[in-house]
2 protein chains.
Amino acid sequence: MTAEKTDILLIEDHAIFRKTLTRVINSHERLSCENAFSSAEDGLSAIEIRGLAPDIVLLDIGLPGMNGVQCIPHLKRLCPDARIIILTIHDDDDNIFKAVCAGASGYLLKDAPPEDIIESIELVLQGGAAMNTHIARRVLNLFQEMAAPPGDYDLTNREQEILRLLVDGLSKKQIAAQINLSQHTVDSHIRNIYSKLEVHTRSSAVAKALKERLL
Amino acid sequence: MTAEKTDILLIEDHAIFRKTLTRVINSHERLSCENAFSSAEDGLSAIEIRGLAPDIVLLDIGLPGMNGVQCIPHLKRLCPDARIIILTIHDDDDNIFKAVCAGASGYLLKDAPPEDIIESIELVLQGGAAMNTHIARRVLNLFQEMAAPPGDYDLTNREQEILRLLVDGLSKKQIAAQINLSQHTVDSHIRNIYSKLEVHTRSSAVAKALKERLL
DNA sequence: CTTTCAATCACGTAAACGCGCCATTTTTGC
DNA sequence: GCAAAAATGGCGCGTTTACGTGATTGAAAG
């Protein structure tokens, strides 16, 4: 443990909220917020020009100009080690999804009491993620939606093996050579695959395999 | 609010832990655990035969026979309204990923104190998700890995359009008909796509398009 | 014990494919 | 205004594919 305080950078366009939050953070003995900005552009250019390297970035989504989600990739580039915590009134799935995909470590709602925000910062510093249980639930739901149940077409092992090689773009001849079979046998397996997947072209088979995670 | 207690079903092969947990749950005034099983098979058949409809299922992953992850789809089918909370010693990414994709609402480690487990059950009942912050962090990381930045091969609009049709499994002739072009033109576009994607077969192009989200 | 099914191999054919090589026109960017 | 890039169209050739129509073997299931 060093004596250094944790350096927090804040990007938030609402002036009163920004000042309140800065004060609350600075009243904490191990947290420090020296840099607070009202737009993503200001924050990013300050980071770049003054070489800031915050430990944590608290980021609003509803910013004028560049919004918070768009800002995340730039932050990741300028200070890859910084943890980003989204702090917003928008709790719709789309924003949550985009923020999480872009690399946020936390997603807090502004109506959370200041102590919760401080606690979340500490959790993130300890390597955790900060979200309330309802946001967490949304994240899990998003996951489940993305992870459509892998289709099941009763492919045999051999068929799956050959389907994988088809996805790799190999021809019958190449597949036959790869697994030491006759081209005719490979052909036969491919026919069975087509029949089970109900397709008539290689492309459709490959597309179906990838879309429905058959491998 | 009904006077009914929340019905919790437990599947856990470790007898002592199972009994401890059952006792702790039943000592809670609004929770009830009447059904505890030592295997997924026992639990599932009891649900099916006796028509159980638990509100929450606490599910171990490291079960003999069918494991917890495999069990989830069956639970979803037999009692679609039940919330599933994974309770396990395994906190590796693969298990977390599979459990979350399969539809778990929570992921707890067995070393959590019983009070935490009770609290998590309450959170899930309130529509939240139950995980500690480190598990949550892993989930977010998984998200970010899945959301790899879409590849960029400078495909033109026309090329993207045709690539989409290739993914749909259409032949040159069908594509030409679909967008009112000569087969030769389509052929020409396909060549350019191959060249940009650095592939030489339709399958590889389709695979690359889907794997790297080029559409 | 027989039937089903996976896995293996075979021949032939019409259609589709990948590619070399080429030309014209339109759009885009400096 | 001009060069680069994109979009369009064309011919030919050797290869590959999809599919019809078979066969044999061995293992699993009834």
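Below, all heavy atoms of this structure are taken into account, side chains as well, without hydrogens, waters or symmetry copies. Not measured: the values here are computed from a predicted model. Labels below follow one simple rule: chain letters A, B, ... track the order of the sequence lines, proteins then strands, and each chain is numbered from 1.
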Subject >> Axis-to-axis angle between the two ends of the helix from C:dC1-D:dG30 to C:dC30-D:dG1 (five base pairs per end, rounded to 10 degrees) >> reply: 70°
**OP:** Give me the one residue out of B:Arg138, B:Lys98, B:Arg137 that meets salt bridge (Lys or Arg N to Asp or Glu O under 4.0 Å) with B:Asp93.
**Re:** B:Arg138
Original post:
To the nearest Å, how far apart are B:Asp154 CG and C:dT28 P?
Top reply: 16 Å
**OP:** Kindly indicate whether the side chain of A:Leu87, heavy atoms from C-beta on, has any atom under 4.5 Å from the side chain of A:Leu21.
**Re:** yes
Original post:
What about B:Lys172, does its side chain sit under 3.5 Å from the base of C:dA15 through a donor-acceptor pair?
Top reply: no
Original post:
Quick one: are A:Cys71 and A:Leu59 in side-chain contact, heavy atoms under 4.5 Å?
Top reply: yes
Original post:
Starting at CD of B:Gln160 and ending at P of D:dA6, how long is that distance when rounded to a whole Å?
Top reply: 12 Å
Original post:
Are the side chains of B:Val186 and B:Leu165 in touch, meaning some heavy atoms are under 4.5 Å apart?
Top reply: no
**OP:** Let me know the distance between CD of A:Gln174 and C1' of D:dT17, rounded to the nearest Å.
**Re:** 14 Å
Original post:
Taking atom C1' of C:dT8 as reference, at what distance in whole Å does atom CD1 of A:Ile190 sit?
Top reply: 14 Å
Original post:
Nearest-Å distance, CG (A:Leu155) to P (C:dC5)?
Top reply: 16 Å
**OP:** Considering only NZ, NE, NH1 and NH2 on the basic side and carboxylate oxygens on the acidic side, decide whether A:Lys110 and A:Asp60 come within less than 4.0 Å.
**Re:** yes
**OP:** Go through the side-chain N and O atoms of B:Asn192 and B:Arg158 and say whether any donor and acceptor fall under 3.5 Å apart.
**Re:** no
Original post:
What integer distance in Å separates B:Leu197:CG from C:dG18:C1'?
Top reply: 15 Å
Original post:
What does nucleotides 7-12 of chain D look like as a protein-contact string, B for base, S for sugar-phosphate only, - for none, at under 4.0 angstrom between heavy atoms?
Top reply: SBBBB-
Original post:
Any Lys/Arg nitrogen of B:Asp187 or B:Arg191 sitting under 4.0 Å from an Asp/Glu carboxylate oxygen of the other?
Top reply: yes
Original post:
Can you check the A:Glu198 CD to D:dA18 P distance for me, whole Å?
Top reply: 17 Å
Original post:
Looking across every strand, which nucleic acid part, if any, lies under 4.0 Å from B:Lys173 by heavy atom: base, sugar-phosphate, or nothing?
Top reply: sugar-phosphate
Original post:
So does B:Tyr194 get a side-chain nitrogen or oxygen closer than 4.0 Å to the phosphate oxygens (OP1/OP2) of C:dG18?
Top reply: yes
Subject >> Distance-only donor-acceptor check, side chains A:Tyr153 and A:Glu212, under 3.5 Å >> reply: yes
Subject >> Rounded distance (Å) that lies between atom P of D:dA18 and atom CZ of B:Arg202 >> reply: 10 Å
Original post:
Within a strict 4.5 Å, meaning less than it, do heavy atoms of the A:Glu34 and A:Leu52 side chains meet?
Top reply: no
